[in-house]
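Below, chains carry the letters A, B, ... as their sequence lines are ordered, and counting in each starts from 1.
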4 protein chains.
Amino acid sequence: MSAQRAGKRDDVRGAIFKAAVELFAHKGYFATTIRDIVDKAGVTQPMVYYYFGNKEQLFVSCIKEVHNNLEERLEEIDAGKSFDKFIGRYISATGKMYNEFPEALLLMVHFIHSPEEYPRFPEMGKIISNPIKRVRDALRKAKRRGEIKAGIDENTLGIALFGALEMAASLSHVSKHVKIPHDIKSKDPDKHIKKIFLRSILK
Amino acid sequence: MSAQRAGKRDDVRGAIFKAAVELFAHKGYFATTIRDIVDKAGVTQPMVYYYFGNKEQLFVSCIKEVHNNLEERLEEIDAGKSFDKFIGRYISATGKMYNEFPEALLLMVHFIHSPEEYPRFPEMGKIISNPIKRVRDALRKAKRRGEIKAGIDENTLGIALFGALEMAASLSHVSKHVKIPHDIKSKDPDKHIKKIFLRSILK
Amino acid sequence: MSAQRAGKRDDVRGAIFKAAVELFAHKGYFATTIRDIVDKAGVTQPMVYYYFGNKEQLFVSCIKEVHNNLEERLEEIDAGKSFDKFIGRYISATGKMYNEFPEALLLMVHFIHSPEEYPRFPEMGKIISNPIKRVRDALRKAKRRGEIKAGIDENTLGIALFGALEMAASLSHVSKHVKIPHDIKSKDPDKHIKKIFLRSILK
Amino acid sequence: MSAQRAGKRDDVRGAIFKAAVELFAHKGYFATTIRDIVDKAGVTQPMVYYYFGNKEQLFVSCIKEVHNNLEERLEEIDAGKSFDKFIGRYISATGKMYNEFPEALLLMVHFIHSPEEYPRFPEMGKIISNPIKRVRDALRKAKRRGEIKAGIDENTLGIALFGALEMAASLSHVSKHVKIPHDIKSKDPDKHIKKIFLRSILK
DNA sequence: AATGAATGAGATTTCATTCAT
DNA sequence: GATGAATGAAATCTCATTCAT
């Protein structure tokens with residue numbers, strides 16, 4: 001019985017959470033109303049306040065989930081072997097996340113680009129800086145191993161790679177909603193992005 | 001006297017427009033209220049409706065302005081000489097715009113990443129695709145001139161470059177508002193981005 | 001306890017409805033504001049939207065109520081015995097309604113005379129045509145029974161009777177608000193209207 | 001030149017007036033905005049205030065015009081010959097007005113049924129009572145001439161006739177906007193109304 | 001006689017949130 | 001845990017009217 005209850009508890013909480021992530025991701029924080037969320041989740045309004053306190057805290061929960069999800073994936077990547085392998089895995093890890101959890105990208109992007117618009121919370125900076133840090137650190141190690149050409153700024157590389165991947169993923173999402181000229185779309189952009197960056201970096 | 005009148009007219013319209021661009025850019029469409037705008041502009045609410053019709057049309061006006069501004073800058077770049085020079089100018093044109101008109105970036109990014117959230121208008125797709133197209137076309141010409149290594153997908157390059165520059169500019173904006181770890185910031189990212197891409201592409 | 005709750009629910013909904021019917025009837029749809037209604041009903045504004053959706057749907061609810069009320073009364077009249085009796089009951093049914101529910105008349109009249117001004121709903125035509133139809137059908141039956149003089153157009157009779165009764169009722173309402181010359185008022189107009197019409201029709 | 005100016009003056013004033021009558025008639029006082037009127041008239045907003053003072057006075061002007069128009073037509077009818085002829089002319093006079101100036105009916109009806117909704121003005125009562133008075137007076141004269149059956153209340157007759165004609169005219173207007181069942185419409189209702197009333201009254 | 005621009009007040013509607021049960 | 005009902009505050013937008021020229 002208590003298991004059943006716990007199960008039910010998770011049902012409602014989980015349904016709210018799922019709906020919230022999707023809606024925040026697609027419409028942004030302000031365009032998403034509590035009613036949108038509860039309608040999608042099939043629950044009543046006060047349940048949001050019961051489980052999450054208020055809209056702001058619900059949003060922060062969503063962002064943290066995305067963050068943790070990405071962190072977990074990135075943590076699994078061994079940065080120590082070769083930069084070639086690292087970057088392949090990095091790209092496929094982010095790509096996988098965007099595939100399995102497409103809202104993640106949008107949520108992060110919303111968040112990154114409009115910090116003023118969103119509720120603040122302590123770990124906020126990390127969400128932005130962690131993925132960049134990973135690339136930077138892997139690059140540093142590779143430098144020490146002598147794999148890397150001279151003259152590459154590590155942080156810029158992290159930022160540029162992150163930005164390139166994000167833009168490619170965003171565009172494939174956007175093109176579902178906005179008419180993008182046919183001849184602008186790229187097939188398998190991740191593969192090409194990997195090639196561009198590796199060529200530039202590796203000796 | 002008539003100049004004064006015209007001046008006054010432009011004062012009100014212009015003040016609304018200026019305030020709107022800044023606010024939409026920093027807070028997004030939904031988080032920005034008409035009251036925010038008129039308070040910032042120092043005018044009365046109905047003036048927004050008098051000059052722009054409604055909130056949506058005001059937003060579209062802002063987006064169009066950004067679009068035209070970017071297009072003008074990109075149009076001036078001669079794509080025909082060398083890809084090296086082209087990309088330098090492309091980067092400095094976008095960078096300049098982000099410097100002189102920092103809201104442009106945010107507005108575009110808001111818009112690109114949340115097409116569902118924002119009012120649509122016909123030229124919407126172009127805002128996204130035009131900058132990418134410019135890079136692609138310049139790259140094609142350079143290929144014909146034999147400047148370019150084999151195996152580069154033109155569209156992906158446009159996307160990746162656009163994304164890298166945008167993320168770098170965003171981060172420098174974001175870091176004004178969110179505590180980003182000091183050691184993640186890159187100095188003069190545009191210069192490094194240029195290097196990364198050129199190295200990868202040029203023979 | 002549950003009765004109390006149900007009671008309260010009906011209190012608010014009912015109070016809004018009652019106030020709305022009165023105000024729509026006396027001032028018309030556009031001159032009546034939601035604030036008028038909630039002030040009269042002693043409830044808060046959002047309750048209107050909670051229970052009725054919006055102003056238009058509230059109005060439609062009111063009109064439907066009037067329609068149903070009149071239909072119920074007309075349905076009880078047996079059209080089959082004699083036209084004399086039918087018309088007496090028809091007149092007293094409408095008169096009774098205007099007495100017990102004086103707003104009904106005004107609401108119908110508002111509605112009938114300004115179809116463009118008011119929100120449409122599917123049964124709109126019926127409100128206008130049903131009472132006329134009843135008279136027409138009763139007249140047809142009476143014709144078959146040989147009660148009726150030749151040369152009477154059935155539909156016109158329905159319209160004329162409806163119009164005459166409505167104008168009489170309206171005037172007695174209007175004279176409460178506008179100074180009508182004393183010598184124009186008729187005492188017991190329904191009785192006289194009945195006489196006028198029966199004399200004209202019956203053999 | 002002054003004639004030309006006067007002509008122009010009348011142009012603007014007249015255009016406003018014409019537009020106002022049509023709009024007030026079709027949409028009612030409150031649903032009609034000054035903008036509606038000036039848009040339809042092709043003039044600017046302040047012109048309304050220049051020529052008519054304000055919305056209320058503009059409306060009163062419209063009502064008075066309708067009133068005068070009807071009065072003129074009714075005045076021409078000689079009430080003294082036979083009631084048969086009088087009623088024929090009365091019906092054709094009102095019918096003609098509704099044909100030539102269809103807004104007149106709606107304006108009067110709006111006004112009659114919702115005195116609370118509209119601006120008051122001194123002659124207001126007359127607009128309602130005058131047509132009824134005419135019928136009553138003609139009936140009295142006819143009584144003295146011995147044309148009329150006993151037992152007819154003069155005021156009620158005026159009211160009933162007025163109401164019947166008005167409802168018939170309204171319905172033919174309404175049926176342009178609301179789907180009225182085909183079999184409810186009457187052809188040439190005025191002729192039949194005349195018959196109904198005369199049969200009832202004349203010896 | 002005419003206009004473009006401006007405004008205060010108020011209209012409808014929505015939102016995040018809470019209360020009583 | 002869960003709900004229907006309720007609310008204060010604020011959002012977008014419109015309206016009749018006036019000012020300066």
Side-chain angles (χ1 to χ4, degrees), chain A residues 5-6 8-13 29-38 43-58, chain B residues 1-2 4-6 8-13 30-38 43-58, chain C residues 1-2 4-6 8-13 30-38 43-58, chain D residues 5-6 8-13 29-38 43-58:
Chain A
R5 250 199 246 160
K8 248 207 161 179
R9 182 193 152 93
D10 285 352
D11 268 10
V12 172
R13 211 195 115 95
Y29 179 75
F30 282 96
T32 300
T33 71
I34 298 285
R35 259 211 83 189
D36 288 343
I37 294 169
V38 301
V43 303
T44 58
Q45 298 215 36
M47 286 298 97
V48 169
Y49 297 88
Y50 183 77
Y51 284 112
F52 293 93
N54 60 22
K55 190 186 176 185
E56 207 168 300
Q57 287 171 53
L58 173 56
Chain B
M1 217 142 76
S2 101
Q4 205 181 342
R5 219 199 281 169
K8 248 204 160 179
R9 183 193 149 92
D10 286 352
D11 266 10
V12 172
R13 211 197 114 98
F30 284 97
T32 301
T33 71
I34 298 287
R35 257 210 86 187
D36 288 344
I37 294 170
V38 300
V43 303
T44 58
Q45 294 218 35
M47 285 297 97
V48 170
Y49 299 90
Y50 184 73
Y51 284 110
F52 295 93
N54 60 24
K55 190 185 175 185
E56 202 168 303
Q57 285 174 56
L58 173 56
Chain C
M1 216 143 75
S2 101
Q4 206 182 342
R5 219 199 283 169
K8 247 205 161 178
R9 183 193 149 93
D10 286 353
D11 266 11
V12 172
R13 211 197 114 97
F30 284 96
T32 301
T33 71
I34 297 286
R35 258 210 85 187
D36 288 344
I37 294 170
V38 301
V43 303
T44 57
Q45 296 218 36
M47 283 298 97
V48 169
Y49 299 88
Y50 184 74
Y51 284 110
F52 294 94
N54 59 25
K55 190 184 175 186
E56 202 169 304
Q57 285 173 56
L58 173 56
Chain D
R5 251 199 246 160
K8 247 206 161 178
R9 182 192 152 93
D10 285 351
D11 267 10
V12 172
R13 212 196 114 96
Y29 180 74
F30 283 96
T32 301
T33 71
I34 298 285
R35 258 211 84 189
D36 288 343
I37 295 169
V38 301
V43 303
T44 58
Q45 298 216 38
M47 286 297 98
V48 169
Y49 297 88
Y50 183 77
Y51 284 111
F52 293 93
N54 61 23
K55 190 186 175 185
E56 207 168 300
Q57 287 171 54
L58 172 56

Minimum heavy-atom separation for Val38(B) to Thr44(B), with atom names?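 Answer, listing the atom of Val38(B) first, then Thr44(B): CG1-O, 3.9 Å.
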Taking only residues two or more places apart in sequence, or in another chain, which ones meet Thr33(A) in a side chain to side chain donor-acceptor pair (under 3.5 Å)?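 Side chain to side chain donor-acceptor pair (under 3.5 Å) check on Thr33(A) returns Asp36(A).
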Check whether Tyr29(D) forms a cation-pi arrangement with Lys55(D) (NZ or CZ under 6.0 Å from the six-membered ring centre, at most 45° off the ring normal).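 Yes, Lys55(D) and Tyr29(D) form such a contact.
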Taking only residues two or more places apart in sequence or in another chain, which ones pass side chain to side chain contact (heavy atoms under 4.5 Å, CB included) with Gln57(C)?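 Side chain to side chain contact (heavy atoms under 4.5 Å, CB included) list for Gln57(C), sorted by chain: Asn54(C).
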Nucleotide nearest Lys55(D) (side chain, heavy atoms from C-beta), chosen from dA16(E), dT17(F), dT13(E): dT17(F)
To the nearest Å, give me how far apart [atom1] ([X]) and [atom2] ([N]) are.
X        : N       : atom1 : atom2 : answer
Glu56(D) : dC15(F) : CD    : C1'   : 15 Å
Arg35(C) : dT13(E) : CZ    : C1'   : 15 Å
Leu58(A) : dA16(E) : CG    : P     : 11 Å
Phe52(D) : dA1(E)  : CZ    : C1'   : 14 Å
Ile37(D) : dT17(F) : CD1   : C1'   : 13 Å
Phe30(D) : dC15(F) : CZ    : P     : 13 Å
Tyr29(A) : dC15(E) : OH    : P     : 14 Å
Asn54(B) : dT12(E) : CG    : C1'   : 16 Å

Audit row: Ile37(D), Leu58(D), side chain to side chain contact (heavy atoms under 4.5 Å, CB included) steps and yes/no: CA-CA 11 Å; Ile37(D) 295 169; Leu58(D) 172 56; 3.9 Å; yes
Read 5' to 3' with Watson-Crick or G-U pairs under 3.5 Å, [ ] for crossing pairs and | for partners on another strand, DNA chain F gives .||||||||||||||||||||
Distance below 4.0 Å between Tyr51(C) side-chain N/O and dA6(F) OP1 or OP2: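 Looking at the OP1 and OP2 atoms of dA6(F), one of them is under 4.0 Å from a side-chain N or O of Tyr51(C).
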Going from OH on Tyr49(D) to CD1 on Ile34(D), what distance comes out if it is rounded to the nearest 0.5 angstrom?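 The CD1 atom of Ile34(D) is 4.0 Å from OH of Tyr49(D), to the nearest 0.5 Å.
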Any N/O pairs under 3.5 Å between the protein and nucleotides 7-9 of chain E? List them or say none.
unit_1: dT7(E); atom_1: OP2; unit_2: Thr44(B); atom_2: OG1; d: 2.6

Residue pairs involving residues 44-54 of chain B (criterion salt bridge (Lys or Arg N to Asp or Glu O under 4.0 Å); sequence neighbours excluded):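 As it turns out, there is no salt bridge (Lys or Arg N to Asp or Glu O under 4.0 Å) pair with a partner in residues 44-54 of chain B once direct neighbours are skipped.
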Does the side chain of Arg13(C) reach to within under 4.5 Å of the side chain of Phe52(C), using non-hydrogen atoms?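 The answer is yes; the side chains approach within 4.5 Å.
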